[in-house]
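Structure first, then comments.
Side-chain atoms are counted along with the backbone in the values below, which use heavy atoms only and exclude waters and symmetry mates. Residue numbers begin at 1 in each chain, while the letters A, B, ... track the order of the sequences.
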There are 4 protein chains.
Amino acid sequence: MKGSVRDQIVDAASRLFYEQGYNATGINQIIAEAGVAKASLYQHFPSKEDLLAEYLSNESERAMTKLHQEVSNHDTVQKKIAAVFDTLGRSIRQPGFRGCHFLNIVSEIPIDNTRIRNIIQKQKNEVRQLFKTILKEVKKTELADEFYLLFEAALIAAKVHRAEWTIKTAKSMAAKLL
Amino acid sequence: MKGSVRDQIVDAASRLFYEQGYNATGINQIIAEAGVAKASLYQHFPSKEDLLAEYLSNESERAMTKLHQEVSNHDTVQKKIAAVFDTLGRSIRQPGFRGCHFLNIVSEIPIDNTRIRNIIQKQKNEVRQLFKTILKEVKKTELADEFYLLFEAALIAAKVHRAEWTIKTAKSMAAKLL
Amino acid sequence: MKGSVRDQIVDAASRLFYEQGYNATGINQIIAEAGVAKASLYQHFPSKEDLLAEYLSNESERAMTKLHQEVSNHDTVQKKIAAVFDTLGRSIRQPGFRGCHFLNIVSEIPIDNTRIRNIIQKQKNEVRQLFKTILKEVKKTELADEFYLLFEAALIAAKVHRAEWTIKTAKSMAAKLL
Amino acid sequence: MKGSVRDQIVDAASRLFYEQGYNATGINQIIAEAGVAKASLYQHFPSKEDLLAEYLSNESERAMTKLHQEVSNHDTVQKKIAAVFDTLGRSIRQPGFRGCHFLNIVSEIPIDNTRIRNIIQKQKNEVRQLFKTILKEVKKTELADEFYLLFEAALIAAKVHRAEWTIKTAKSMAAKLL
DNA sequence: AATGAATGAGTTTTCATTCAT
DNA sequence: TATGAATGAAAACTCATTCAT
């Protein structure tokens, strides 16, 4: 029923990193919830940071897959853009919402941690690219970064205020600008 | 020359909380850099969190004072709005820029820490109110939250990408929407 | 009855370092036998190595005091030299003898640990100096390093063979050479 | 080109034990440098201590072979004795010199580890025997242990002081005593 | 003969906080 | 008001060894 030891570790760590934050989550808690030995964790991940990198990479892929999928369900640019913000809205409404996986971490790592920052930037750039791809159809790729900023704004403000209006406002701004 | 013990503590803690993050900054480092005894810190601040609250409150007042001041230097709504983003731009260009003091902390505290979250929300609501006040002149207060979102977007994206274009884009979006 | 916390720590650590070796002695064992909290140890000694340095310095002073004292009990050079080796002999006969405090450690530290090596070399140079001082009376200071070598030989060989003949032989060699 | 798995393990372990010490060398480092799997190591050596025993035995044979060879190159007792110390001198001058393989280990093992201590004592007794054999020619076997002590002294003092004078002094003492 | 995965017990060090003076 | 000393709990990580394949 349970996955491999490695999967157990990644699952527990990912859940805890998101729920409690990276620094607030100790190795002991991860192995306790994963039900594995401490040395087993270190067999698979040389350091806690490697586990963080794995979590972020997985989450990034999951998020982009979801976004591309949702976008592909629509045929007009307007609807595609709306779909992005609607996806955000659904995330936020989930009971366990704790903000953006990536923005959360960015404030927990030291400035000079380029390894983790690179993973986060890569993810964010993929979102920018998604908007660019959508907007190419109507030759408005110059709006991509504007929409990307609305995307970030909606996410971070939703976290700060624990409120949903941020998504709605960002979505309507995007519609206006298009 | 040096301020009171309390001031020394607040100064050291504030600097370190911003430079390294809240969790990454230990009590020992604070008292070492402040040059005071450990028990002296606890005399003034019952817990590390109280020190955090003090830091955030101070920073909030400082930031709002600055913003109001910059805004008051201009006479048209367009210029006032632009002044807000220009202030942001100057902050970001400073060598020690590490992102928004408040957004940084929001990802470091547990979700149920309402005390700290309240301070942060209060600060952010004051920014929303500032935009509302500015926009009242031209009877467009409904744009306040839109501009506030651009404000947040510019800040968080500047941190993520360590780039300045985020401010410029947000500023031009605000101009468009006005 | 018991000394201060610091003394308890130093006493326990010194005993264990000598009985079991430095690497084989864990912080946990030290605090358990000292009956203090772990953080109390680190209050007084920033690292395990600092505790080692303290142990070696104390032991060095103790050893040199003892040697000077024993030597001063005699009036001829022959008797003074003999007294050095007799002191060694008494040490070796003690039930808890585990070899020379300093030679034991020299094989446990990495080559590039100059801090600890310096303490050890200083101690050994004081022994060389002691012989030189004794020999000055009879204008044979050139024998100092020869006697020092016999001193080391007696100590290390006593450890290797768990035998006392090494002292007797070294002592008689010194007598011959004088 | 590379030897058998067993040889790879012994080579890596021997090098690391000498360079870093026994306790400071972990199983993981050994298998990493040997390029073998962990279980392969335990296939050949039931425990880390068995690997240590192998290392010491090999080293002992190598050392005695070398000494006998060097001694046999000379025809007088004086020259044979000198050859022993000259061999020592050449060892010490080698860039990777870290002291005597056997004296290094003797301070790293617990007192009650008779197995390892026996290997070391056996090696040292062979040196004593070598001196005895050399001295038999001139019927001065009673000097064997004296020369052996000089041998040990030269080695341990060379390690402590990272200096060569110890060998020269020991050699000249031997000459005097002969 | 060889291996990658798994482990329990251990390592040194740091945390925020309290207490006696 | 100010402090140095003391602490329990937790941090990240490593140890030598074993097991299933």
Which nucleotide in the list F/dT14, E/dT7, F/dA2 gets nearest to the side chain of A/Val36?
E/dT7

Re E/dT21: Watson-Crick or G-U wobble partner, both distances kept under 3.5 Å, found to be F/dA2

For the pair C/Ser47 and C/Asp50, evaluate side chain to side chain donor-acceptor pair (under 3.5 Å) and give the outcome as yes or no after the intermediate values.
CA-CA 5 Å; C/Ser47 76; C/Asp50 288 271; 2.7 Å; yes

Could you check how far CG of A/Asn28 sits from P of E/dG8, rounded to whole Å?
13 Å

Of the options F/dA12, E/dA6, E/dT12, whose atoms approach the side-chain atoms of A/Val5 most closely?
E/dA6

Which nucleotide wins on minimum distance to the side chain of A/Ala39, given the candidates E/dG8, F/dA2, F/dT17?
E/dG8

Distance check needed: F/dA12 C1' versus A/Gln29 CD, whole Å only.
15 Å

Give none if F/dA10 has no partner; otherwise give the nucleotide forming a Watson-Crick or G-U wobble pair with it, both distances under 3.5 Å.
E/dT13

For D/Glu19, I'd like to know if atom CD has over 12 heavy atoms of other residues, nucleotides or ligands within 6.0 Å.
yes

Which residue lies more 5' along DNA chain F, comparing A/Tyr22 with D/Ile27 via nearest heavy atoms
A/Tyr22

Starting from P on F/dC15, measure out to CG on C/Asn23 and report it in whole angstrom.
12 Å

Whole Å only: how far is the CD atom of D/Gln43 from the P atom of E/dT3?
9 Å

